[in-house]
Undergrad: 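Structure in structure tokens, see below.
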Amino acid sequence: MLFVPIVLVQGQKNNMVPYHSPLGVPMQLSANFGEIRPNHFHMGIDLKTNGKEGIPIYSIADGFVSRVKISPFGYGKAIYIDHPDGRTSVYAHCSEIKGKLGALVREMQQLEQDFEIELFLTEGKVPVERGELIAYSGNTGNSSGPHLHFEIRETKTQTALNPLCHGIDIPDNKKPEITGLKIYSLTKDGYIVPGKSKSFPLQLKGSIYQPYNPEIRLPNDFISHNGGIGFSIQTFDQFSSSGNVCGIFTSTLTIDNKTFLTLKVDSISFDHSRYVNGFKDFLEYKFNHLKYTKLFKNDINPLPVYHSPNNGILKLTPGKKTKIEITCADIRKNQSNVAFDLAVENGKNQPKKDIFPSADYFLPDSAYHLKGKNATFQVSKGTFYEPCLKKYKLDGNVFFGEPSQPMQLPIVVKLFLPKSLKNKEKCYVSVLTNGSNEHALKSFIEGDWLVARSVYCGTFTIKEDRQAPVVRPLNFSLTNNLVSTKQLRWEIIEGETQLADYDIYVNGKWQLLEYESKGSYLEYKVDPKLRGPMEVKIIATDQCGNKVTWKEILSF
Ligand SMILES: [Zn+2]
């Protein structure tokens with residue numbers, strides 16, 4: 001019997017045809033929308049492909065291909081389809097693109113003599129039908145195993161929508177679990193007062209999660225003089241059909257039985273995705289690998305997921321007991337609750353001191369231009385999520401900020417190029433974030449300065465890359481007859497910066513050479529028509545222009 005995947009649809013208009021399943025196997029989630037990731041939210045859903053590549057991918061509805069991008073990074077081989085309902089569906093990490101689109105991609109790669117291409121297509125160029133096979137699933141780009149990363153976006157704005165609220169239905173009858181609670185002392189602006197937070201492990205009592213002591217008493221000096229407190233929770237959800245740990249959909253904070261804040265992760269724009277660093281408790285994530293979602297925000301946080309007139313900042317009257325309840329729910333409305341009483345002890349009034357004096361702190365709502373003889377740092381307004389200590393040095397050992405400090409926007413770093421440096425065009429700015437984490441930044445020369453943009457704090461130096469990439473055969477030996485070989489692979493190692501270009505020529509003719517960045521190899525799918533000895537030449541160049549040529553006669 002033929003397996004015809006049909007998706008049940010919620011929330012679609014009656015006259016609309018339900019979305020076809022994007023995948024040729026039953027849909028099982030390994031990650032959901034809005035999950036906390038390093039420096040970004042997960043902007044779609046991850047669908048399992050039975051641990052292998054090559055599962056058919058179908059267009060969920062009629063429409064046309066509006067964009068296709070082939071890259072060794074990010075989404076790998078990705079297809080974007082615009083639909084008449086105003087939405088765009090996205091299919092990422094594909095192994096192979098099929099049909100008319102596949103032919104168009106190969107044609108463009110040949111024309112541009114490049115594996116990495118991006119095409120924006122108008123309506124009529126590549127129309128697709130609902131349920132049409134468009135590609136096979138894979139593991140290309142930044143993917144940690146075979147799966148389909150699937151997104152639904154609003155076409156006009158390209159804002160990512162939660163697919164489970166927009167036509168994709170996956171059964172779920174498991175309740176979210178709430179495993180931790182934190183309380184923070186906040187300034188009136190919603191910034192976390194350094195060193196003033198407390199963690200409370202939770203236990204399930206009947207059907208409600210509670211701290212071990214269900215009456216939390218905070219010392220009077222926990223609260224800043226005109227500030228308040230905020231909460232965060234550690235929570236996760238599982239779907240009925242898969243054991244993977246997914247993120248939560250809504251959280252509601254109730255104070256004395258009145259709704260104080262609702263968090264709903266239903267749409268996120270790509271411009272805001274990095275704001276995950278302000279959404280989560282950054283330090284818990286960075287140092288303890290724990291995902292705490294904050295139920296408060298400050299004014300510079302633009303994420304549209306918070307619904308609260310007061311940013312979730314709770315003012316407490318000392319001595320008065322307050323009833324707190326937090327409800328977490330998934331899309332199918334399975335929910336769990338935390339409940340406890342909270343009181344601040346009576347005591348002396350807090351001293352009225354400025355917690356983040358502008359002389360000592362970089363403030364998120366300010367811009368800075370730090371100029372020295374050997375280095376300058378340009379910091380835009382909105383770079384930081386929280387105030388951070390003004391730590392920097394513009395001479396000698398040049399550094400900026402704390403190595404672990406997250407940044408929303410890159411800072412512009414300029415380092416003076418000493419006259420004595422000979423190969424200026426081979427220089428790049430390197431940033432050392434901690435003990436061993438070094439990042440080579442894309443850099444360019446501007447007069448006497450080497451300029452780069454950095455989303456990392458740390459120690460900045462000028463380095464010179466004089467080493468070409470190294471290329472060596474991976475799955476064949478030079479003496480083999482390669483007549484039945486389907487693909488040839490070469491290991492490629494670029495020690496310092498990044499690979500900028502790579503090409504293969506067979507008897508002088510350009511052929512498609514794919515770069516697999518995770519596995520650090522180049523792959524040539526052998527043309528089955530090749531016969532006899534052929535000159536195979538690979539030329540690879542790094543970002544600083546160091547070039548390697550690998551050339552051999554291979555027999556096919
Ligand atoms: Zn994904």
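Ligands are counted one by one from 1 in listed order, and the atoms in each one are counted from 1 as well.
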Undergrad: Looking only at non-hydrogen atoms, find the nearest pair between Gly382 and Gln408 and report the distance.
TA: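 So the minimum-distance heavy-atom pair works out to O-CB, 3.5 Å.
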Undergrad: Determine the minimum heavy-atom distance between Lys280 and Lys294, stating which atoms define it.
TA: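 Taking every non-hydrogen atom into account, O-CD, 3.6 Å.
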Undergrad: Quick one: closest heavy-atom pair of Val128 and Ser59, and the distance?
TA: CG2-OG, 3.8 Å
Undergrad: Look at the N, O or S atoms of His42, main chain and side chain alike, and state whether any lies under 2.8 Å from the Zn ion (ligand 1).
TA: yes
Undergrad: His149: which N/O/S atom is nearest the Zn ion (ligand 1)?
TA: ND1
Undergrad: Restricting to N, O or S atoms of Asp46, which is nearest to the Zn ion (ligand 1)?
TA: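 Relative to the Zn ion (ligand 1), the closest nitrogen, oxygen or sulfur of Asp46 carries the name OD1.
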Undergrad: Does a side-chain N-to-carboxylate-O contact under 4.0 Å join Lys98 and Glu96?
TA: yes
